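Since the structure comes first, as structure tokens, the remarks are kept for the end.
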Amino acid sequence: MRTQRRGQRGRGPRPWQPPRPSRLTTARETLRTLAPAPLPRPTAKRTLDVLLGSALLLLASPLLAAAALALAVRHRPADVLTHSPRTGLHGHPFVLRSLRTRRLKLDVVSRLHHVVRGELSLVGPAPLAPGDVRNGSGGARHWRQELKPGLTGLAQVRHRSGMPWDEAALLDQHYAEHQGLRLDLAILAEAVRAPLLRAARAPRWRGKAHLSDTDHRLPGYRTAE
């Protein structure tokens, strides 16, 4: 008995060891590792693009279908759409597809599916072709790469007659520096209002010509008489 007690006293206290995780805890950690990362919350701009873009696309679908059918009858089915490479967010390229017509701005309206898919925004700078010098050069980051190109924008709603080439770029840069939901709504309202005003101000065809007093004078009439 004395020998056994002396042996136990010589061993000393055991070093502390962390408790082993249970099988349930290990399974939970494995599931957390395998689970996908949470998706980022949509911004107000993206929410506006999805909701308003989907509604406009749904309303314009019958007109777009009729226009596509008319183009397919007149031309080959392959010529109904145009395919243009463009540069999107973070410099990622995509193919811009639109109807091959400019009547009633149907070529622009037909691009709404790009807005719903996230390649375009309702409001933003004009989508440029890859290699365009306005995208920046030398591999440096450019402000155009930080936001999506738009279906319409600040430069598009301004009257371009007599406007210098570089002023459109300045307007796009101004939008990039001051972008927000309020500015987007103002640009969208102007994009709708401007065509309506031009259509209302267009001269209407008159049935009778507007004649002056001199047109009613008899042949041989002289002022001296």
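Remember, it's a predicted structure, so these values are computed and weren't measured experimentally.
Val123 has its side chain out of reach of Leu154: every pair of non-hydrogen atoms, C-beta onward, lies at least 4.5 Å apart. Side chains of Val108 and Thr152 form no contact here, defined as non-hydrogen atoms less than 4.5 Å apart. Using a 4.5 Å heavy-atom threshold, the side chains of Pro130 and Pro85 count as touching. Asp79 places none of its side-chain heavy atoms less than 4.5 Å from the side chain of Leu71. Between Leu64 and Leu106 the shortest side-chain heavy-atom distance falls below 4.5 Å.
Counting only distance, with no hydrogens or angles, the side chain of Thr82 and the backbone of Ser98 share a donor-acceptor pair below 3.5 Å. Proximity of a side-chain donor or acceptor of His178 to a complementary backbone N or O of His174 within less than 3.5 Å is detected. Judged by distance alone, the side chain of Arg97 and the main-chain N or O of His83 form no donor-acceptor pair under 3.5 Å. Of the possible polar contacts, one joining the Ser110 side chain to the Leu99 backbone as a donor-acceptor pair under 3.5 Å is found. Judged by distance alone, with hydrogens and angles left aside, the side-chain atoms of Arg86 form a donor-acceptor pair with the main-chain N or O of Pro127 at under 3.5 Å.
Residues Leu81 and Arg100 approach most closely at O-NH2, 3.3 Å, considering heavy atoms. In plain terms, the two heavy atoms of Leu120 and Gly150 that are nearest each other are CD2-N, 4.4 Å.
Note on Leu181: it clusters hydrophobically with Leu151, by side-chain heavy-atom contacts below 4.5 Å among ILVMFWY residues.
To the nearest 0.5 angstrom, Asp172 atom CG is 8.0 Å from Leu128 atom CG.
Each ring pair (Phe, Tyr, Trp, His ring centres under 6.0 Å) pair with one or both residues in residues 107-130, not counting sequence neighbours, appears once here: Phe94-His114.
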